Structures are given as C-alpha cells and as structure tokens.
Amino acid sequence: MKMTMKNMPKKVVITGVTGQDGSYMADYLLEKTNYDIYGIIRRASTNNHNNIKHLLNNSRFKIITGDLADSQSIDNIVREIIPDYFINLAAQSFVGASWQIPEQTFDIDAVGVIRCLEAIRKHAPNCRFYNAGSSEELGNVDYSPQDENHPLKPRSPYGAAKAAARHIVKVYRESYNLFAIQGLLYNHESPRRGEEFVTKKITKKIAKINKSLNYKEEFEPLELGNIYAKRDWSHAKDFVRGIWMMLNQDKPMEYILASGKTHTVKEFIEKTFKAIDIQGSWIGDDINEKFIYNNKILVQINPSFYRPAEVDLLLGDWGKAKKELGWVPEISFDNLIQEMISFDMKNI
Ligand code: F7E
C-alpha cells in the first residue's frame with residue numbers, strides 16, 4: 001500500500017521513557033496502536049535503559065536525545081518530528097529530594113513544561129500534549145476523597161512545581177487553543193518503580209532480608225521515615241491506559257486517576273511480609289518503633305527519612321474518569337504488592 005499522509009502511522013513523543021511510566025506508556029502504545037514512538041532520553045555517562053531494553057530492537061521505537069532543561073533540544077525535536085502526541089512523563093519526581101534541589105525541580109517540572117508548550121505552539125499546534133500531574137499538588141488536603149475541584153495546596157517544592165505546571169498548561173490551552181492537559185495522578189507503582197520511592201524501597205529490601213534469613217546471613221534492617229503517611233496506591237499500568245484515554249477525548253479535560261483506597265506505609269510493609277509468609281510483630285513507639293521477627297529487627301525508623309513537611313493523607317475520587325472516560329482500574333493493591341515482591345525476590 002502506498003503511504004499517504006492519511007495512512008502514515010501517527011507519531012508519539014514520550015519524555016521520561018526510561019522511567020516507570022514512560023516505559024509502560026511505550027509498551028502500551030506499541031501493543032495497542034500502529035504509531036511510531038519517539039522516546040526522549042537524556043544524555044548520561046552511564047545509561048539506565050533497564051525498563052526499555054526489551055524495546056530497543058523494535059523498529060517502531062526510536063530513541064532521541066533531548067533534555068527538558070534545554071529548550072533548543074525540545075524545540076528541535078518538535079520541529080523535526082511534528083508529533084501527533086507529546087506525552088511529558090519526564091520529571092524530577094522524587095518529592096523528598098525536592099527540598100535539596102528546589103531550583104532544579106522547578107526548572108524541570110514547571111519551566112520544562114513551558115519549553116514543551118512553546119515548541120508545540122510554534123511547530124505542532126495540532127499536537128495533543130499531556131503533562132504528568134500529581135496528587136502532591138493537593139498537599140494538605142481539605143477533604144477526602146479529593147476530587148477535581150479540590151484546591152491546590154502543595155507542601156513540597158515538587159508539589160508547588162507541579163501546581164505551577166498545571167496553571168501554565170491551562171494558560172496555554174486557553175490562550176492558544178491547544179489540546180494540552182495535566183492529569184492528576186495519585187501514587188502509582190510497579191516492579192519498574194525507581195528505588196528511592198517507598199514501595200520499591202520496601203519490596204527490594206524485604207526481598208534481600210528474606211534471602212539473608214534463608215541463608216542465615218547478617219543483614220541491615222529496612223530503615224524508613226514516616227510510616228503513618230497514608231497514600232492511595234495503584235499500578236502504573238492502569239494509569240498509562242487512563243492517560244491515553246484522557247488524550248483521546250473530544251475535548252481537553254483533566255481527570256483524577258486513583259484507586260479510591262488509602263493505606264499507611266506501615267500497612268504496605270505488613271502486606272509485603274505477609275505475601276512472603278513472614279509473621280513478625282511491631283514493638284515500640286515513634287522513632288523507636290520496630291518490626292521484629294525471630295528476635296531480629298527487620299524494620300526500624302530512621303528520622304533522616306522524615307520530610308520537612310509531610311502530606312499525611314491522600315485518597316482520590318476517580319468517579320469522574322469512570323463516568324466520562326470509562327476508565328476503571330484493574331490491578332488491586334494486594335496484586336500490586338504481590339507482583340513487586342515476586343519480581344524483587346526473583347531478581348535479588
Ligand atoms: O513516599 C513516606 C513518605 O517517595 C510515600 C511520587 O511518584 O507519588 C510519589 O510521591 C510516603 C511519603 O512517594 C520513607 O514520607 C516513609 O509520605 O514513595 P514516596 P510520594 O512522596 O507520595 C506522587 C503522586 C508523585 O507525583 C511523586 O512523583 O512514604 N516514607 N519512609 C518514605 N518515602 C520514601 N521515599 N523513603 C522512605 O524511607
């Protein structure tokens with residue numbers, strides 16, 4: 001068949017493609033569409049391509065060097081590719097680090113979004129743009145569950161940068177009539193989650209502890225900060241499907257994606273141990289709280305992991321996404337934990 005503009009495969013740019021969300025997004029689109037995927041990768045002396053190594057030989061998956069900190073690179077990418085979709089999943093996404101590197105967090109998570117929007121406005125005004133938004137924008141919440149009308153009350157430089165990005169996405173949408181949206185996504189995890197996030201830190205360390213227990217080797221306990229923080233955790237795979245649904249509506253509307261259930265970090269730890277049949281118990285309070293098994297300390301508190309300001313509770317209402325997009329999450333909290341711990345036990 002002769003290729004005409006009409007039947008040429010569409011082009012999707014994904015930033016943050018080596019990360020959890022970017023790599024699942026690429027997997028999803030390679031499976032569900034015939035579109036060409038352009039994964040933007042930041043130059044680094046050591047590559048971190050683990051999450052996309054299974055895609056490197058796929059002819060529909062192309063890697064392009066670019067950086068959200070560099071407006072020229074973003075401008076060139078959009079001008080040369082003229083994408084149909086631009087999915088911005090790159091970020092300084094670690095809330096805890098955002099107090100140490102607040103300027104860099106703003107530069108990537110807020111100003112970086114302007115760089116994308118400017119390039120799209122100039123070179124590809126019909127391109128549909130998605131920016132990763134976060135429940136951290138809501139911060140110190142007024143009510144639960146939170147819906148799309150909840151005010152933005154961030155508690156971290158990260159949350160403030162994402163809130164700023166939300167405003168600028170709206171400004172560009174309304175000023176230039178762009179299809180530009182920022183979903184509001186609650187915590188989402190998977191075996192591909194970065195190691196500094198609490199879920200992956202827990203499953204990876206517990207897999208190691210389990211191995212040490214089996215081989216009767218010495219081990220260091222898992223050390224955590226605030227284990228009473230409550231989060232609404234989902235599987236990242238469910239969310240990339242939701243992002244794609246948001247991008248393909250008639251009108252550029254923004255939705256919450258969440259599970260509608262909240263759990264403490266402590267519950268996450270307990271369920272992980274339970275999944276591998278370790279029946280320990282908690283002793284002590286506050287910074288002296290510990291999880292003990294066979295007279296060994298498996299988990300303890302390290303106050304250096306406390307944050308200068310904490311978001312105590314997040315719980316999202318995903319009713320609007322269900323009603324208007326038909327989006328429904330498919331992977332339960334228990335299955336998420338099971339998948340993460342099984343993966344880490346296998347790879348330890
Ligand atoms: O922390 C507490 C910590 O770093 C979860 C990002 O994807 O989701 C994520 O942000 C909770 C917090 O994720 C440790 O204080 C206790 O209350 O896994 P996290 P996060 O900050 O909720 C949102 C939606 C995003 O947008 C972000 O990009 O766990 N916690 N002890 C700990 N957290 C970490 N990381 N390490 C600890 O040792």
Side-chain angles (χ1 to χ4, degrees), residues 16 19-22 24 88-101 105 108-110 112-113 131-141 146 150 152 154-166 182-190 192-206 220-236 238-240 242-243 256-259 262-270 272 286-287 289 291 299-316 318 333 336-337 340:
Q20 167 186 266
D21 294 4
Y24 279 126
N88 183 31
L89 303 175
Q92 191 306 91
S93 62
F94 186 29
V95 176
S98 74
W99 278 275
Q100 275 97 50
I101 45 169
T105 303
I108 303 303
D109 298 3
V113 178
N131 192 50
S134 166
S135 46
E136 285 296 306
E137 296 169 53
L138 309 182
N140 193 10
V141 298
Q146 299 86 47
H150 191 285
L152 305 184
R155 294 268 284 165
S156 61
Y158 170 84
K162 287 286 181 184
R166 178 170 303 282
Q182 175 158 319
L184 204 155
L185 274 52
Y186 282 63
N187 296 54
H188 44 289
E189 320 294 316
S190 74
R192 297 186 192 172
R193 188 58 146 149
E195 294 186 2
E196 71 272 41
F197 298 98
V198 80
T199 55
K200 184 68 173 178
K201 185 173 168 183
I202 293 169
T203 57
K204 192 164 180 196
K205 184 70 184 183
I206 289 182
E220 295 296 321
L222 166 63
E223 291 195 328
L224 294 166
N226 176 13
I227 59 171
Y228 289 95
K230 293 181 107 177
R231 288 293 182 276
D232 179 330
W233 278 294
S234 300
H235 198 299
D238 276 333
F239 281 16
V240 298
I243 291 171
I256 281 179
L257 301 183
S259 77
T262 193
H263 303 272
T264 58
V265 173
K266 190 172 172 177
E267 274 175 80
F268 193 101
I269 301 166
E270 287 165 354
T272 308
D286 297 326
I287 60 165
E289 191 160 7
F291 186 83
V299 184
Q300 64 190 22
I301 305 301
N302 179 342
S304 71
F305 294 113
Y306 289 148
R307 294 175 178 178
E310 179 63 276
V311 169
D312 295 322
L313 162 72
L314 288 169
L315 173 61
W318 52 280
F333 182 60
L336 166 69
I337 292 179
M340 290 180 75

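Below, all heavy atoms of this structure are taken into account, side chains as well, without hydrogens, waters or symmetry copies. It should be emphasised that the depicted structure is a prediction, and the values quoted were computed from it without experimental measurement. Just so you know, ligand 1 is whichever comes first in the structure, and atom 1 is the first atom listed for that ligand.
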Whether S135 lies under 4.0 Å from ligand 1, heavy atom: yes
Quick one: look at E310 and ligand 1, take heavy-atom pairs under 4.0 Å, and tell me if it's side chain, backbone, both or neither. side chain
For ligand 1, which atoms have a heavy atom of R193 less than 4.0 angstrom away? 6 (C), 7 (O), 9 (C)
Distance under 4.0 Å to a non-hydrogen atom of K201: what atoms of ligand 1 satisfy this? 37 (C), 38 (O)
Under the salt bridge (charged side-chain N to carboxylate O under 4.0 Å, His left out) test, residues paired with E289 that sit two or more places apart: K266
So for F305 against ligand 1, with non-hydrogen atoms under 4.0 Å, the contacting part is side chain
Counting heavy atoms only, which part of V95 comes closer than 4.0 Å to ligand 1: side chain, backbone, both or neither? side chain
Looking at ligand 1, would L185 count as a contact under a 4.0 Å heavy-atom criterion? yes
Going by the order shown, which atoms of ligand 1 are within less than 4.0 Å of some heavy atom of G225? 14 (C), 16 (C), 31 (N), 38 (O)
Considering the heavy atoms of A229, write down every atom of ligand 1 situated less than 4.0 Å from one of them. 17 (O)
So, using side chain to side chain contact (heavy atoms under 4.5 Å, CB included) as the criterion, who are the partners of K200 when residues are at least two apart? R193, E195, T203, M340, F343, D344
Give the contacting part of V198 toward ligand 1: side chain, backbone, both or neither, where contact means a heavy-atom distance below 4.0 Å. both
